[in-house]
Student: 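Structure below; questions to follow.
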Amino acid sequence: MPTNTRTAQPGWERLIFSGMDHQGDFRRAALGSGIPGDEISRFSQHLRLTIGLSAGAGSPVGQFGGLPRLPVGMKWPSAGDIPLPLLLSVDCGALPRVDGFDLSADGTLLFFVNQEMDQEDGSGRYARVVYVPDGTDTAVPEAPSSECVREQLDVGAVLGAELPLWLQEGDEDWHEFWEDLDWEDMSPFQQKLFRYMEHDLPHLNELRALAHDLWPSGAAGVVIGGYADDEVINSIAEQTLAGREKAGKIPAIPIAQWPSRLEEEKHRLTSEWMSLASEARVYEEYCTSFVIRHDDLAAARVDKALAVTRFEAP
């Protein structure tokens, strides 16, 4: 399995490309557009490929809902006496391989969650990720109740491209947002990012458009891989900083400096955490995001994944 590496420049991000040819495809296309090689390398540090799962999108790689195949003798996952419905199962061996996404090359991943309870509780006990290696003796257990079995839909996979929020285009195009700010109104960390985009990524718009042309994301019901949801990272960053303060590992952060420190901590965590699976947001429905540290995914410690469920109100 490919090994992730870190780069010296700019010093913040994990280099996601590590031996497959997605990097080569992108680099050749960008060089053909006249963009300098060193700028392509810098941009590629932030580019992550995702696997979008949708019903009817080619050969099946998994399914939404249905019944799980669990190791013989394993009970249906539950939180106490509350069974957890199966949200999704995927055949890892059938998924397209993605640079820097260290998912096991075989076996099955199963995602269980009671979305209503998970959204209300927030402790994570109402969600579970189970990995079943190939060669394991499995059986389909009897469902504890009909509420645990959602409609089964076979899903196919399509690759997409994703960038961190501060490099994305659209309504929250931070690049344009910062251009409209006075330099004095920026935090030191915002100034650092702005200088980086201005001086190190002058062809940002072209590179961004090229990535999405090569790997158009489309409308997927669930996305495997990519960047962790910003709200989830924000929560982890708040807890991390507060925990360091309480433990005396860092001096108390003045209230006026908290937003800037939080922003910097979130940026650091985006290279440590990634999305394992994230449901598309639909109004008046629950959606769940599972996030995991790179190192835990590489070691197949999927039980370390964190789940966050929201109800999308109109």
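What you see is a predicted model; the values in this text were computed from it and never measured. Nothing fancy with the numbering, it's 1 onward along the sequence.
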Student: Quick one: list whatever passes salt bridge (Lys or Arg N to Asp or Glu O under 4.0 Å) with D230, sequence neighbours left out.
Tutor: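 Salt bridge (Lys or Arg N to Asp or Glu O under 4.0 Å) check on D230 returns K266.
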Student: For residues A161 and L47, report the shortest heavy-atom separation together with the two atoms involved.
Tutor: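 Shortest heavy-atom contact: CB-CD1, 3.9 Å.
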Student: Group every Ile, Leu, Val, Met, Phe, Trp and Tyr by side-chain heavy-atom contacts under 4.5 Å, then state whether L276 and V61 land in the same group.
Tutor: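 Yes, L276 and V61 fall within the same hydrophobic cluster.
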Student: Any ion pair linking E162 and R48 (charged N to carboxylate O, less than 4.0 Å)?
Tutor: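 Salt bridge absent between R48 and E162.
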Student: Quick one: sort the W166 and Y196 rings into parallel, tilted or perpendicular, breaks at 30° and 60°.
Tutor: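 Ring orientation, 0 to 90° scale: tilted.
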Student: Is V308 reachable from L269 through a run of I, L, V, M, F, W or Y residues, each pair having side-chain heavy atoms under 4.5 Å apart?
Tutor: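 Yes, L269 and V308 fall within the same hydrophobic cluster.
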Student: In terms of hydrophobic clusters joined by side-chain contacts under 4.5 Å, are F112 and F290 together?
Tutor: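 No, no single cluster joins them.
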Student: Is the closest side-chain heavy-atom distance between E238 and L262 below 4.5 Å?
Tutor: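 Answer yes - side chains close enough.
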Student: If you compare all heavy atoms of A277 against all heavy atoms of I224, which two are closest, and at what distance to 0.1 Å?
Tutor: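 So the two residues come closest at CB-CD1, 3.8 Å.
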Student: For the side chain of E245 and the backbone of I253, is there at least one donor-acceptor N/O pair under 3.5 Å apart?
Tutor: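 At least one qualifying donor-acceptor pair exists.
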Student: So do F43 and I35 actually touch side chain to side chain, heavy atoms under 4.5 Å?
Tutor: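 No. Closest side-chain heavy atoms not under 4.5 Å.
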Student: Are V129 and V98 connected, step by step, through hydrophobic side chains (Ile, Leu, Val, Met, Phe, Trp, Tyr) whose heavy atoms are closer than 4.5 Å?
Tutor: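 Yes; V98 is reachable from V129 via cluster members.
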Student: Apply salt bridge (Lys or Arg N to Asp or Glu O under 4.0 Å) to R244 and list each qualifying residue two or more places apart in sequence or on a separate chain.
Tutor: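 Applying salt bridge (Lys or Arg N to Asp or Glu O under 4.0 Å) to R244 gives E265.
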Student: Is any side-chain N of the basic residue among R42 and D38 closer than 4.0 Å to the acidic one's carboxylate O?
Tutor: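 Answer for the salt bridge query: yes.
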Student: Could you check if a side-chain atom of H294 sits within less than 4.5 angstrom of a side-chain atom of E272, using non-hydrogen atoms only?
Tutor: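 No, side chains not in contact.
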Student: Any side-chain to backbone donor/acceptor pair from T240 onto I236? Under 3.5 Å, distance only.
Tutor: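 Yes.
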Student: Report yes or no: is the cationic atom of R150 (NZ for Lys, CZ for Arg) closer than 6.0 Å to the six-membered ring centre of F64, at no more than 45° off its axis?
Tutor: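 Output no; distance or angle outside limits.
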Student: Given the rule in the side-chain hydrogen bond (donor to acceptor under 3.5 Å, both in side chains) test, do Q115 and T288 qualify, once you have shown the distances and angles that lead to the verdict?
Tutor: CA-CA 7 Å; Q115 293 184 304; T288 302; 2.9 Å; yes
Student: With side chain to side chain contact (heavy atoms under 4.5 Å, CB included) as the criterion, how do V223 and L53 come out once you've worked through the C-alpha distance, each side chain's angles and the decisive distance to 0.1 Å?
Tutor: CA-CA 6 Å; V223 174; L53 304 181; over 6 Å; no
Student: Got a donor-acceptor contact below 3.5 angstrom from the Q168 side chain to the L163 backbone?
Tutor: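 Yes; judged by distance alone, with no hydrogens or angles, the pair exists.
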Student: Testing the basics here: between I51 and P96, what is the closest heavy-atom pair and its distance to 0.1 Å?
Tutor: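 Heavy atoms of I51 and P96 come nearest at CD1-O, 3.5 Å.
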Student: Should the pair D295-K304 be classified as a salt bridge under the 4.0 Å nitrogen-to-oxygen rule?
Tutor: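 No, D295 and K304 are not salt-bridged.
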Student: Looking at residues at least two apart in the chain, or sitting in another chain, which of them share a side chain to side chain contact (heavy atoms under 4.5 Å, CB included) with E285?
Tutor: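 Once residues adjacent in sequence are excluded, the partners of E285 under the side chain to side chain contact (heavy atoms under 4.5 Å, CB included) criterion are V282.
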Student: Do Q239 and S235 meet the criterion of a side-chain donor-acceptor pair at a distance under 3.5 Å?
Tutor: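 Distance-only check passes for Q239 and S235.
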Student: Show me, pair by pair, the donor-acceptor contacts under 3.5 angstrom made by side chains of residues 73-92, not counting sequence neighbours?
Tutor:
residue, atom, partner, partner atom, Å
W76, NE1, L84, O, 2.8
S78, OG, G80, O, 3.1
D91, OD1, G93, N, 3.0

Student: Heavy-atom distance under 4.5 Å between the side chains of S275 and S289, does that happen here?
Tutor: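 The answer is no; the side chains never approach within 4.5 Å.
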Student: Can you see which heavy atom on G221 is nearest to which on S54, and at what distance?
Tutor: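 The answer is N-OG, 3.8 Å.
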Student: W215 versus F26: any side-chain heavy-atom pair under 4.5 Å?
Tutor: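 Yes; the side chains approach each other to less than 4.5 Å.
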Student: Rounded to the nearest 0.5 Å, what separates atom CZ in R208 from atom NE2 in H203?
Tutor: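 Going from CZ on R208 over to NE2 on H203, the span is 13.5 Å.
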Student: Given side chain to side chain contact (heavy atoms under 4.5 Å, CB included), test L167 with L201 step by step and report yes or no.
Tutor: CA-CA 10 Å; L167 282 180; L201 295 175; 4.2 Å; yes
Student: Would you kindly confirm whether L204 and L210 end up in one hydrophobic cluster when ILVMFWY residues are joined by side chain heavy atoms under 4.5 Å apart?
Tutor: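 The answer is yes; both residues are in one hydrophobic cluster.
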Student: Decide side chain to side chain contact (heavy atoms under 4.5 Å, CB included) for L109 and L103; before the verdict, give the C-alpha distance in whole Å, the side-chain angles of both, and the deciding distance to 0.1 Å.
Tutor: CA-CA 10 Å; L109 273 183; L103 188 66; 3.4 Å; yes
Student: Would you say that T50 contacts F101 through its side chain, given a criterion of any heavy-atom pair below 4.5 Å between the two side chains?
Tutor: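 Result no, sub-4.5 Å side-chain heavy-atom pair not found.
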Student: Please assess R128 against V113 for the test side chain to side chain contact (heavy atoms under 4.5 Å, CB included), listing each intermediate value before the final yes or no.
Tutor: CA-CA 6 Å; R128 191 84 49 80; V113 59; over 6 Å; no
Student: Taking only residues two or more places apart in sequence or in another chain, which ones pass side-chain hydrogen bond (donor to acceptor under 3.5 Å, both in side chains) with D154?
Tutor: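 Testing D154 for side-chain hydrogen bond (donor to acceptor under 3.5 Å, both in side chains), a comparison that skips the adjacent residues, returns none.
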Student: Calculate, to the nearest 0.5 Å, the distance between atoms OG1 and OH belonging to T136 and Y131 respectively.
Tutor: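 That separation rounds to 8.0 Å.
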Student: Do P36 and E39 make a side-chain contact, defined as non-hydrogen atoms from C-beta onward lying under 4.5 Å apart?
Tutor: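 They are in contact (side-chain heavy atoms under 4.5 Å apart), so the answer is yes.
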Student: For a 4.5 angstrom cut-off between non-hydrogen side-chain atoms, does W258 reach L241?
Tutor: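 Heavy-atom side-chain distance check passes, below 4.5 Å.
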Student: Mind checking ring-ring contact (aromatic ring centres under 6.0 Å, His included) for Y286 and listing every partner two or more places apart, or none if nothing turns up?
Tutor: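 Checked Y286 against ring-ring contact (aromatic ring centres under 6.0 Å, His included); matches are F311.
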Student: When rounded to the nearest 0.5 angstrom, what distance separates OG1 in T138 from CZ in R69?
Tutor: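 Rounded to the nearest 0.5 Å, the OG1-CZ separation comes to 3.5 Å.
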Student: Go through the steps to decide whether D21 and R28 satisfy the test salt bridge (charged side-chain N to carboxylate O under 4.0 Å, His left out), and finish with yes or no.
Tutor: CA-CA 10 Å; D21 205 37; R28 284 187 290 272; 2.8 Å; yes
Student: Flag yes if more than 12 heavy atoms outside D137 fall under 6.0 Å of its CG atom; otherwise flag no.
Tutor: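 Count not over threshold, so no.
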Student: Is there a donor-acceptor pair closer than 3.5 Å between any side-chain N or O of S271 and the backbone N or O of H267?
Tutor: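 Between the backbone of H267 and the side chain of S271 there is no qualifying donor-acceptor contact (under 3.5 Å).
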Student: To the nearest 0.5 angstrom, please state how far the CD atom of E206 sits from the OG atom of S33.
Tutor: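 One finds 8.5 Å between CD of E206 and OG of S33.
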Student: S41 vs R27, test: side-chain hydrogen bond (donor to acceptor under 3.5 Å, both in side chains). Steps then yes/no.
Tutor: CA-CA 8 Å; S41 297; R27 187 174 188 85; 2.9 Å; yes
Student: Closest approach of P141 and L70, non-hydrogen atoms and distance?
Tutor: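 Heavy-atom minimum between the residues: CG-CD1, 3.7 Å.
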Student: On a heavy-atom basis, which atom in P216 and which in V158 lie closest, and how many Å separate them?
Tutor: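 Answer, listing the atom of P216 first, then V158: O-CG1, 4.4 Å.
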Student: One pair to check against side-chain hydrogen bond (donor to acceptor under 3.5 Å, both in side chains): E264 and Q190. What are the steps and the verdict?
Tutor: CA-CA 9 Å; E264 189 167 1; Q190 286 176 332; over 6 Å; no
Student: Could you tell me the separation between the SG atom of C148 and the CG atom of L67, rounded to the nearest 0.5 Å?
Tutor: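 Nearest 0.5 Å value for the SG-CG distance: 10.0 Å.
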Student: Rounded at 0.5 Å granularity, tell me how far CG in D134 sits from OG in S104.
Tutor: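 Atom-to-atom, D134:CG and S104:OG are 9.5 Å apart.
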Student: Is D229 paired with R310 through a side-chain N to carboxylate O contact shorter than 4.0 Å?
Tutor: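 Salt bridge present between R310 and D229.
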